[in-house]
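No experiment lies behind these values; they were computed from the predicted model shown. Side chains are part of it too, since the values below use all heavy atoms of this structure and drop only hydrogens, waters and symmetry mates. A note on names: the letters A, B, ... follow the listed sequences, proteins ahead of strands, and every chain is numbered from 1.
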Amino acid sequence: MTTPAARAVGATKIYGEGDTAVTALDDVTVEFAPGQFTAIMGPSGSGKSTLMHCLAALDDLTAGSVFLGDTELTGMGDRQLTELRRDKIGFIFQSFNLIPTLTARENITLPAAIAGRKTDAEWFDQVVEILGIGDRLSHRPSEMSGGQQQRVAAARALASRPEIIFGDEPSGNLDSKSGAELLGFMRQAVDVFGQTIIMVTHDATSASYADRIVFLADGRIVDEMFDPTAEKVLDRIKTLEA
Amino acid sequence: MVRAAIRGIWEHKLRTLLLVLSIVAGVSFVAGSLIFTDTIGGSFDALFEGAFEGIDIRINPDVEQGFTNLQPAFDANVLTIVESTPGVVDTWPGVGGLVNLSIDGEVQSIQGPPNFALSWEGDPTLTLAEGRGPQGPTEVAIDTTARERYDLAIGDTIGLAATGAISDYTVVGVLEGFGAGPALFTFDLATGTKVLGLDGLYTTIDVTVEDPTLLQEVLDDLTSRLPDGVLAVDAQAAAEEQAAQLKQALGFIQTVLLVFAGISVVVGVFVVYNAFRTVLGQRTRELALFRVLGATKQQLVTSVIVEALVIGLISGVAGLIGGILLATAARAAFSLFGGSGLADGGLVLAPGTFVTAFGVGMAVTLVSALLPAARASQVSPMAALATIDKPPRRLTKQLVVGSVLGVPGIVLVALTGLDRVNLLTGGIGALAILIATYVFGAIIGRPFVRTIARFLGNTPVRKIATDNAARSPRRTGATAGALMFGVAFVVAVSVIVVITQKTATAVLEDAVSAELTIQSAGADPTAGVSPEIASIVGELDFVAATQSSRFAQGSINGESTFFGSFEPETVEQTYFFDEVQGDWSDLIGETVAVQRAQADEFGLAPGDPVTIDLGTGPEQWTVAVVWDYSSSVDDTQGFYLPTSTLADRFPQGNVVSIGVKLTGGTDPDQAKATIAELIRTDYPFANVTTQDELLADIQGQLLGLLAFVFVLLAMSIFIALLGIVLILLLSVFERTRELGLLRAIGSTRVQIRAMIRWEAVFVSILGALMGVVVGTFIGWGLSGSIFGAGFSFVIPWTWIGLGLIASIVAGVLAAILPARRAANLNILEAIAYE
Ligand SMILES: Nc1ncnc2c1ncn2[C@@H]1O[C@H](COP(=O)(O)OP(=O)(O)O)[C@@H](O)[C@H]1O
Ligand SMILES: [Mg+2]
């Protein structure tokens, strides 16, 4: 069996102490296969974002461990985690993904520039072409639509050929057409380049782009589903809520 | 809304603290200046309360009185006239002049206020505190100032001499002193006359009259009887006038301090204004939300003003405390440099100081807050829905305002540089330029930062820092502009000081051929040295010539001036001349040698008659020589009299300096050592210096002046740096999201810190460079008025270089706090949305 791209073992996250303590993640063990597009779903407050942040080296666990490939994140210092994010992880956030003073091109190449690496020009062109933002490269974020901005963010995530891309409701702020386009591109990145993607969403249609859905409730994994469609997902949510 | 405002203050403690600090610094400076000068002024009042008590009229020479040896003396004829004037009861003729002190064989008070010898025979102007009055040739009574300053007691033996050999005197009494300034050493009249070398002469006569109501009549009578150059003055009026003169000097000090304090306050206004503007800009959405919720414009303005008032109030209190601390420090420094005695009483906290401190604190915050508040209140409720990112505004207004002020400013300063207009006009021009530059900062900031960045090469960190510095041009311009003020003043003063230094040293370097100079070891060069030293030194076989010069004050053709003096016999050996019209051998008796520049100004040529008044009435003299040094620089004096003539006229006046020309091949240092050894015992107060030492001396003095100005300007530069800290903090706050994003996609803390640091350095270099350019120009301009057109301009590269390095360091320091904030942001909180 191949090594999972990411996995959490007994991941527990508790916010606060004593009476006010909130268990955001409750002993979660989960694996994410490489080259797969996984969606994490669940009601608001179920711990989706927390799980993603812990997997993505943005937050640490109260107990348990997280691996990215073979690398265990638990116990790493800020510097190591930072370099890990820079070199092995790509991010697409819900909004405010881009540095407003930089052009689209500069934003896309920023992780490489920060690392002091050259961007692979051929790969850059390919990514830009797939995302259809070739004519926007010299524009600043304020000169682009929300959909375009998210596509530039996706390009940035892809450009450094990370081992894994995390998305936190990447299409959450977009109209349905732009959202569908963005998710289509993400799907394409998985199919064409074998990219691993983990995406948090609460929207059934968005989740249906994924290969697999992990359902969270009250900080626990309650279910999963492969090859989802929007209807299947909605049905499942209904049963979970019941 | 008031509650919201106060909560805002509390929630942004660090911001509030920095705002308060920027204001407090200026307020402290203002309050400190007032307290300090009030305190000294208070001691002056006490000082002169009892001065001249018990006498009605004082007779003295008609020159500015002071503790120097320049004033002429008068002879016994004057005393006879006074005694024979009807209505005069008692007369106390007296002598006074500078004296040198030696304790246990060591010369005292090389620096600081002078030691002054006086005759005292019990006249009521002085009162005994302890012991008895001096009698006979070996007794001295000192004053309380001397007692404290030199730690003396009755029964001690001290060495005193004006210039000649030291004699020992026993301290027999202590008089109530002035508490500050000169230390007094009093003798009986005969001894005083001997010590000061004033045989048969007096410098003052104190007089009492029969009927004080007829004082004016006696005064008028005396005035008509006394010869030219001797004045009779109302003693009480004289005391008041002396107090007034000191007060005037103090007023000058106060003005200087307040000008520098004012600069800090102005810089504070800029900093606080910029901060308020930025904060309110950032709060646009919040304010708009208030508007959506139904707050009126008035309420918005009120909330901002309440915040400003609270900050102003805190600043007023803290500024007052800071002022007391500053005044205490200043007083300590003051007494260190000889003002002891003035430092004894409590600090004077005039009600005006309170009012001023609070007023300035309030005014600064209100002035700085009103405009931004008014603008913020114009926020439409719609702005709540708008995105934060606004396109940069056009800077047309800046261009217009900057040009309207800048162009006339440049013209005025340029005219000053050519000595076409006076210093005041130049100052106004300079002010206009400073404000214009401040305004222009917004325009040149962006291209400037980009240029530096290009010059340094673009790493991604620096690229982002560059973009950040360039993204709010007004904010960056204003932040840099605050620093520009301080730097511009520093540079302008450096330019003037460096030119002064060059002027002062050029004469020595290019025009003086004598290798050694013998001068008084005391702080006041007019104390001089004994003329006999010249003949002793002249005997030495390695001495080719000596040149004794004296000093006098008076007027020529009605214009008051200082006179130097030449000994015509050796003048060509001891100076380098470019031009000599007339014959040096004619410089004898009532003649004068005039420097080329002054000759041109007064239209004088050899043989021309001139009217000279040495304080003893106008006389007709003749121009003997018109000459010019081999120096590009004008001497500040231009009129030289024969040394022998001055010696005849002012027997008590010493030789101010003796130039010594050595024979070829003599080592100056060796010659100096030999001469010093030779005159050490008999003339302990004479100091032999080589030209190099003199040059170093002058440079040292000017460095001291420069350091003093730097200290005064340090406050405004400190405030400007606080401004950088403030604005960077606000920017970090504003860019929380971006910073979180940068961290999320892999920027290290080190990189984030570097980013903020570069931004700070860009801003500080911008401010420093603007300051350097503007300051150099203003320095050049003002020099034109100070030194006259065609002065030789020097750019103080060393100072400019040091200043730029200091600015970079300052930028790095200013960035520490904001950089730490930025680097330690919690990434998740930073990128969290809603
Ligand atoms: N920084 C935090 N401090 C305290 N509680 C938190 C924090 N972040 C999240 N939580 C809590 O943890 C739980 C899971 O939150 P989150 O992972 O954001 O859920 P989701 O993304 O599924 O909406 C929630 O109850 C939330 O209130
Ligand atoms: Mg969430």
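- The number of heavy atoms from other shown groups lying within 6.0 Å of CZ (B:Phe733) does not exceed 12.
- Neither the backbone nor the side chain of A:Ile89 comes within less than 4.5 Å of any heavy atom of chain B.
- Each of B:Ile745, B:Val750, B:Thr748 was evaluated against A:Thr82; a single residue qualifies, B:Thr748, per the side chain to side chain contact (heavy atoms under 4.5 Å, CB included) test.
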Might you work through the side chain to side chain contact (heavy atoms under 4.5 Å, CB included) test for B:Lys463 and A:Glu106, ending with a clear yes or no? CA-CA 10 Å; B:Lys463 160 89 171 103; A:Glu106 287 164 342; 2.9 Å; yes
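- Contact of A:Arg156 with chain B is made through the side chain alone, with heavy-atom distances under 4.5 Å.
- Looking at A:Leu84, there are no atoms closer than 4.5 Å to chain B (heavy atoms on both sides), in backbone or side chain.
- At least one side-chain heavy atom of A:Phe93 sits less than 4.5 Å from a side-chain heavy atom of B:Ile831.
- Contacts of A:Asp59 with chain B are made by both backbone and side-chain atoms, with heavy-atom separations under 4.5 Å.
- Only the side chain of B:Ile827 comes within contact range of chain A, with at least one heavy atom under 4.5 Å from a heavy atom of that chain.
- In this structure, B:Leu742 CG and A:Ile99 CD1 are separated by 3.5 Å, a value rounded to the nearest 0.5 Å.
- Remark: side-chain polar atoms of A:Arg85 are paired, donor with acceptor, to backbone N or O of B:Ala744 under 3.5 angstrom.
- Counting non-hydrogen atoms of neighbouring residues, nucleotides and ligands closer than 6.0 angstrom, the CZ atom of A:Arg105 reaches no more than 12 such neighbours.
- Note that OG1 of A:Thr103 and CG of B:Asp467 are 9.0 Å apart. Values are rounded to the nearest 0.5 Å.
- Annotation: A:Arg136, atom CZ; neighbour count of heavy atoms from other residues, nucleotides and ligands within 6.0 Å is above 12.
- Note that the OG1 atom of B:Thr459 and the CD1 atom of A:Ile114 stand 10.5 Å from one another [nearest 0.5 Å].
- Counted within 6.0 Å of CG on A:Asp218, heavy atoms from surrounding residues, nucleotides or ligands total 12 or fewer; the atom is thus considered open.
- Judged by distance alone, with hydrogens and angles left aside, the side-chain atoms of B:Glu738 form no donor-acceptor pair with the main-chain N or O of A:Pro100 at under 3.5 Å.
- Within 6.0 Å of atom CG in A:Asp70, 12 or fewer heavy atoms from other residues, nucleotides or ligands are found, so the atom counts as exposed in its surroundings.
- Among all heavy-atom pairs drawn from A:Ala113 and B:Pro460, the shortest one is O-CG, 3.0 Å.
- Around the CZ atom of A:Arg117, the shell of radius 6.0 Å holds more than 12 heavy atoms that belong to other residues, nucleotides or ligands.
- Atom NE2 of A:His139 sits in a crowded spot, with more than 12 heavy atoms from other residues, nucleotides or ligands closer than 6.0 Å.
- Distance check, rounded to the nearest 0.5 Å: OG1 of A:Thr101 to CG of B:Asn468 gives 5.5 Å.
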Go through A:Leu110 and B:Ile464 one step at a time and tell me if the side chain to side chain contact (heavy atoms under 4.5 Å, CB included) criterion holds. CA-CA 10 Å; A:Leu110 188 55; B:Ile464 294 176; 4.0 Å; yes
Show your reasoning for whether salt bridge (Lys or Arg N to Asp or Glu O under 4.0 Å) applies to B:Arg743 and A:Asp78. CA-CA 10 Å; B:Arg743 291 277 288 134; A:Asp78 178 74; 2.8 Å; yes
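- Crowding of A:Arg220 atom CZ: a count of heavy atoms from other residues, nucleotides or ligands under 6.0 Å not exceeding 12.
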